[in-house]
Amino acid sequence: MPSLKTLRNRIASVKATQKITKAMQMVAAAKLRKAQMAAEAARPYAERMNTVLANLAKGLEGQPDAPVLLAGNGRDQVHLLLVATAERGLCGAFNSSIARLARDHANRLLAEGKTVKILCIGRKGADQLKRQFADKIIDIIDLKALKTIGFGDADAIGKRVIAMFAKGEYDVCTLFYSRFKSVISQIPTAQRIVPAEVQGTAVSTGGIYEYEPDEATILSDLLPRNVSVQIFRALLENGASEQGARMSAMDSATRNAGEMIKKLTTVYNRSRQAMITKELIEIISGAEAL
Amino acid sequence: MAAFKFELVSPEKLILSEEVDQVVVPGTDGDFTVLAGHSPVMTTIRPGFIDIVRAGGKPSKIFIRGGFADVAPNGLTILAEKAMPAEELKADVIAAQIKNAEEDLADAKTEAAKTAAAEILGQLKDIQAALGK
């Protein structure tokens with residue numbers, strides 16, 4: 001049986017922890033609202049981009065002169081994994097679930113005899129992948145200094161990814177991030193961005209489209225931009241997911257702390273009672289002996 | 001004049017979505033005016049101003065950079081990487097900012113800071129060129 005003093009100390013420290021987790025939960029809730037708004041505001045652009053790409057890609061499908069960013073360079077040997085995670089921990093399984101998805105993907109590729117390169121966006125994913133793939137990680141992009149992610153930041157990453165592709169440093173690029181479904185559900189997702197995976201179906205516009213300059217020129221202008229847009233969208237979704245995950249993780253931490261305090265208080269009260277009873281017995285038996 | 005639907009979208013948000021009468025778009029191959037019932041065109045844009053004319057409202061100018069315009073039967077959509085209302089752009093302010101950006105570029109130590117500074121400078125120069133006309 002621990003002494004009353006240690007019990008009191010433990011209760012006090014659990015209470016202090018509970019205060020911190022509660023504060024973190026509220027901060028995460030406020031940030032989540034902002035992040036969610038940013039993610040929703042970015043959707044129209046990404047959707048339009050997809051529709052336009054789908055329209056253009058349909059026209060060029062199967063043609064030999066299709067841009068390499070769309071059709072690929074014909075090889076499938078070197079894979080670049082772009083792993084986007086958070087900069088901070090304490091957000092439940094958020095970081096590890098993205099890292100796990102990336103790790104499984106990398107292991108599968110390695111088993112097939114492919115070469116894997118990893119580019120990490122965010123420290124936390126890098127920390128987890130470092131254990132197994134320390135020699136595969138080519139760089140870690142740190143976004144810690146940024147309060148909000150602007151398109152410029154995503155564009156810089158996108159330009160870098162495309163420059164690497166142009167130099168032939170990889171053949172296929174896959175982006176890993178967590179899609180925000182709701183506060184309690186974030187889905188780790190893998191998306192191929194080079195060559196572009198055209199989602200959505202082409203919409204028939206009824207009339208004949210005129211292209212200015214020609215389709216190929218527009219497409220070659222659009223495809224690099226699309227890579228940046230996809231990265232931007234992934235980063236925003238990730239931001240919202242991170243805050244959501246942190247919110248629910250901190251919520252259950254607060255609840256756990258509450259339960260623990262309740263249990264400890266019961267133990268404390270019981271042992272206090274036992275102590276009093278013991279002292280009384282001692283006094284009474286002492287008096288009787290006289 | 002018949003109105004049509006016009007949307008201006010940047011990666012960060014939907015900037016404008018309204019019924020307008022006429023929009024002048026700076027296309028890569030030359031400026032063109034979009035009116036209701038324009039035949040479907042898809043074009044990339046060069047940095048410059050779009051001119052918006054609304055029924056009864058006053059016309060407005062917005063600077064756009066990088067992106068494309070999509071004229072579909074149901075309206076005009078411009079996807080622009082950057083968009084700024086013209087009122088916020090004054091020649092002397094831009095000139096001061098260019099000077100600032102050039103100093104930043106000279107001071108930049110890391111590779112990332114250098115690219116960022118060069119990007120800003122390029123943008124400002126585009127605006128200045130568009131204003132000069």
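Per chain, numbering begins at 1; letters A, B, ... match sequence-line order.
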Of B:Val20, B:Leu8, B:Val34, which is the lone residue that meets side chain to side chain contact (heavy atoms under 4.5 Å, CB included) with B:Leu76?
B:Val34
So which part of [X] gets closer than 4.5 Å to some heavy atom of chain B, the side chain, the backbone, both or neither?
{"X": "A:Ala156", "answer": "neither"}
{"X": "A:Leu236", "answer": "neither"}
{"X": "A:Met49", "answer": "both"}
{"X": "A:Arg48", "answer": "both"}
{"X": "A:Phe232", "answer": "side chain"}

Could you tell me which portion of B:Thr77 (side chain, backbone, both or neither) has an atom closer than 4.5 angstrom to a non-hydrogen atom of chain A?
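Only the side chain of B:Thr77 comes within 4.5 Å of chain A.
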Specify whether A:Tyr45 and A:Phe151 have parallel, tilted or perpendicular ring planes, treating 30° as the upper limit for parallel and 60° as the lower limit for perpendicular.
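Judged by the thresholds at 30° and 60°, the geometry between A:Tyr45 and A:Phe151 is tilted.
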Over 60° means perpendicular and under 30° means parallel, so tell me whether B:Phe32 and B:His38 are parallel, tilted or perpendicular.
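Taking B:His38 first and then B:Phe32, their aromatic rings sit tilted (interplane angle of 30° to 60°).
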Just give me the residue among B:Ala69, B:Gly67, B:Gly27, B:Gly30 that pairs up with chain A most often, heavy atom to heavy atom, under 4.5 Å.
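That would be B:Gly67.
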Among the options B:Thr28, B:Leu14, B:Asp70, B:Asn74, pick out the one with the most heavy-atom pairs lying under 4.5 Å from chain A.
B:Asp70
Looking only at heavy atoms and a cut-off of under 4.5 Å, which of A:Asp155, A:Thr217, A:Asp153, A:Leu222 has the most pairs with chain B?
A:Leu222
Who among A:Gly152, A:Pro213, A:Pro44, A:Ala39 has the most heavy-atom pairs with chain B under 4.5 Å?
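Highest number of pairs under 4.5 Å: A:Pro213.
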Verify, without hydrogens or angle tests, whether A:Asp171 (side chain) and A:Val78 (backbone) share a donor-acceptor contact under 3.5 angstrom.
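Such a contact is found between A:Asp171 side chain and A:Val78 backbone.
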Side-chain (A:Glu87) to main-chain (A:Leu143) donor-acceptor, under 3.5 angstrom
yes
Tell me if the NZ atom of A:Lys34 is crowded by more than 12 foreign heavy atoms within 6.0 Å.
no
Kindly determine whether A:Asn238 and A:Glu242 satisfy side chain to side chain donor-acceptor pair (under 3.5 Å), including the steps that lead there.
CA-CA 6 Å; A:Asn238 238 5; A:Glu242 181 198 343; over 6 Å; no
